[in-house]
Amino acid sequence: MDKEAETFLDLIDNARRITVLTGAGMSTESGIPDFRSAGGLWTEDMSRMEAMSRDYFERYPKLFWPKFKALFQMKMTGSFQPNAGHLYLAELEKRGKDVRVFTQNIDGLHVKAGSRHVYELHGSIQTARCPKCGAGYGLEHLLREEVPRCSRINQKGEACGFILKTDVVLFGDPVQHFDTLFDILADSDLLLVIGTSLEVAPVRFVPEEAHLIPGLKKAMINLEKTPYDHLFDVVIHRKIAEFTKEISG
Ligand code: NAD
């Protein structure tokens, strides 16, 4: 085991309350592409980013849904499985650590892995709701039609029929649970940042804010360098599942 891995394990061993911040890199080894790596989802076509905005959805809801479903491989959603990285975090909890996972991912894999305290900052791909009557729907309903609509029956005995809005946070929507992240971070022993380029606001502000918290240790696992590496006690530039398997075994 190299020096960085030993430092990482020391930080984990000495922490009781661990705040984890994860991004798309967490799930690439489960077969879900990230956004900004080579071959990632954004690199091919920047107009995709515009199509994933609240503004685009509100103007062209019928065009939004097929693009959204294709981009996030929605049909495959149920078949993706957690990898060793997700399982490592769930295991830390079983070993008695107080682990709070804040994820930018929408894939639901932390919950599937068994983590009990998961905050989905960017929402979930598995659910959507009716902007008109508020009725909520699950994945099965969303996959049934190319453009999912509200099927609730109104007082006139007719289906509402409004096009649903995904529970994924679109560009232009507010990020969720962000205040909770800082409340919990202030009481934590360790911040663990995993698989995020830290390019998306407001999450990219977390390392600098964390740096101001006295006594808080900081560790990162990410394949590529980020603009905030210098603020961390240890940075592991390796694949998450590979690295966590190695330190667990
Ligand atoms: P990002 O694509 O900007 O960055 C991912 C980072 O992970 C990169 O720096 C890359 O080097 C690193 N990485 C990739 N595979 C890795 C691996 N196996 N091991 C270690 N590091 C690895 O992702 P982001 O910072 O999360 O921001 C992008 C946005 O993407 C978020 O808003 C998120 O909602 C959305 N997104 C989510 C999913 C998902 O739910 N799985 C997938 C794609 C995009």
Side-chain angles (χ1 to χ4, degrees), residues 4-5 8 20-46 48-54 67-74 76-89 101-113 115 118-127 139 166-178 181 192-207 219-229 232 234-247:
E4 273 82 26
F8 182 90
V20 187
L21 175 63
T22 72
M26 186 89 220
S27 298
T28 56
E29 287 161 278
S30 293
I32 307 174
D34 63 10
F35 274 176
R36 290 174 185 80
S37 293
L41 296 174
W42 281 165
T43 44
E44 270 178 51
D45 178 3
M46 284 302 283
R48 285 179 177 175
M49 223 157 159
E50 283 161 33
M52 292 306 107
S53 68
R54 183 194 183 104
K67 284 179 197 252
F68 174 79
K69 285 182 171 182
L71 183 64
F72 290 109
Q73 304 179 72
M74 200 159 170
M76 302 272 293
T77 296
S79 55
F80 291 121
Q81 294 303 324
N83 63 52
H86 299 98
L87 297 172
Y88 175 75
L89 296 177
V101 181
F102 291 84
T103 185
Q104 297 168 87
N105 296 342
I106 54 172
D107 55 33
L109 291 184
H110 285 297
V111 173
K112 215 171 188 177
S115 283
V118 180
Y119 302 84
E120 293 175 312
L121 299 167
H122 293 171
S124 168
I125 195 171
Q126 324 225 8
T127 53
L139 192 58
T166 174
D167 281 343
V168 167
V169 171
L170 302 175
F171 290 103
D173 281 335
V175 167
Q176 299 162 10
H177 310 297
F178 206 58
L181 195 168
L192 192 51
V193 172
I194 313 183
T196 170
S197 62
L198 293 171
E199 284 187 27
V200 180
V203 159
R204 67 188 166 89
F205 304 126
V206 170
M220 180 193 288
I221 315 172
N222 201 60
L223 216 45
E224 293 161 18
K225 285 189 180 159
T226 79
Y228 305 98
D229 285 13
F232 285 75
V234 66
V235 179
I236 311 285
H237 287 300
R238 293 193 44 197
K239 285 193 169 177
I240 297 150
E242 208 178 270
F243 175 72
T244 48
K245 237 187 246 170
E246 189 179 299
I247 58 171

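Each ligand, and each atom within it, is numbered from 1 in the order the structure gives.
Counting heavy atoms closer than 4.0 Å to ligand 1, residue D107 contributes atoms from both its backbone and its side chain.
A search for side-chain hydrogen bond (donor to acceptor under 3.5 Å, both in side chains) contacts involving E4 returns nothing, not counting sequence neighbours. Scored by the side-chain hydrogen bond (donor to acceptor under 3.5 Å, both in side chains) test, D107 finds S27 as partners (sequence neighbours excluded).
Put simply, no part of G85 is less than 4.0 Å from ligand 1, judged by heavy atoms. Ligand 1 lies nowhere less than 4.0 angstrom from a heavy atom belonging to M26. For E29, the heavy-atom gap to ligand 1 drops under 4.0 angstrom. Residue contacts with ligand 1 do not include I221, since none of its heavy atoms lies under 4.0 Å from the ligand.
Polar contact with ligand 1: present for I106 (N/O pair, distance under 3.5 Å). Backbone and side-chain nitrogen or oxygen atoms of F72 are examined, and none is located within less than 3.5 angstrom of a nitrogen or oxygen of ligand 1. For ligand 1, the polar-atom distance check finds no N/O of P33 at less than 3.5 Å from any of the ligand's N/O atoms. At a 3.5 angstrom cut-off on N or O pairs, Q104 counts as close to ligand 1. In terms of polar-atom proximity, E224 is counted as a contact of ligand 1, with an N or O under 3.5 Å from an N or O of the ligand.
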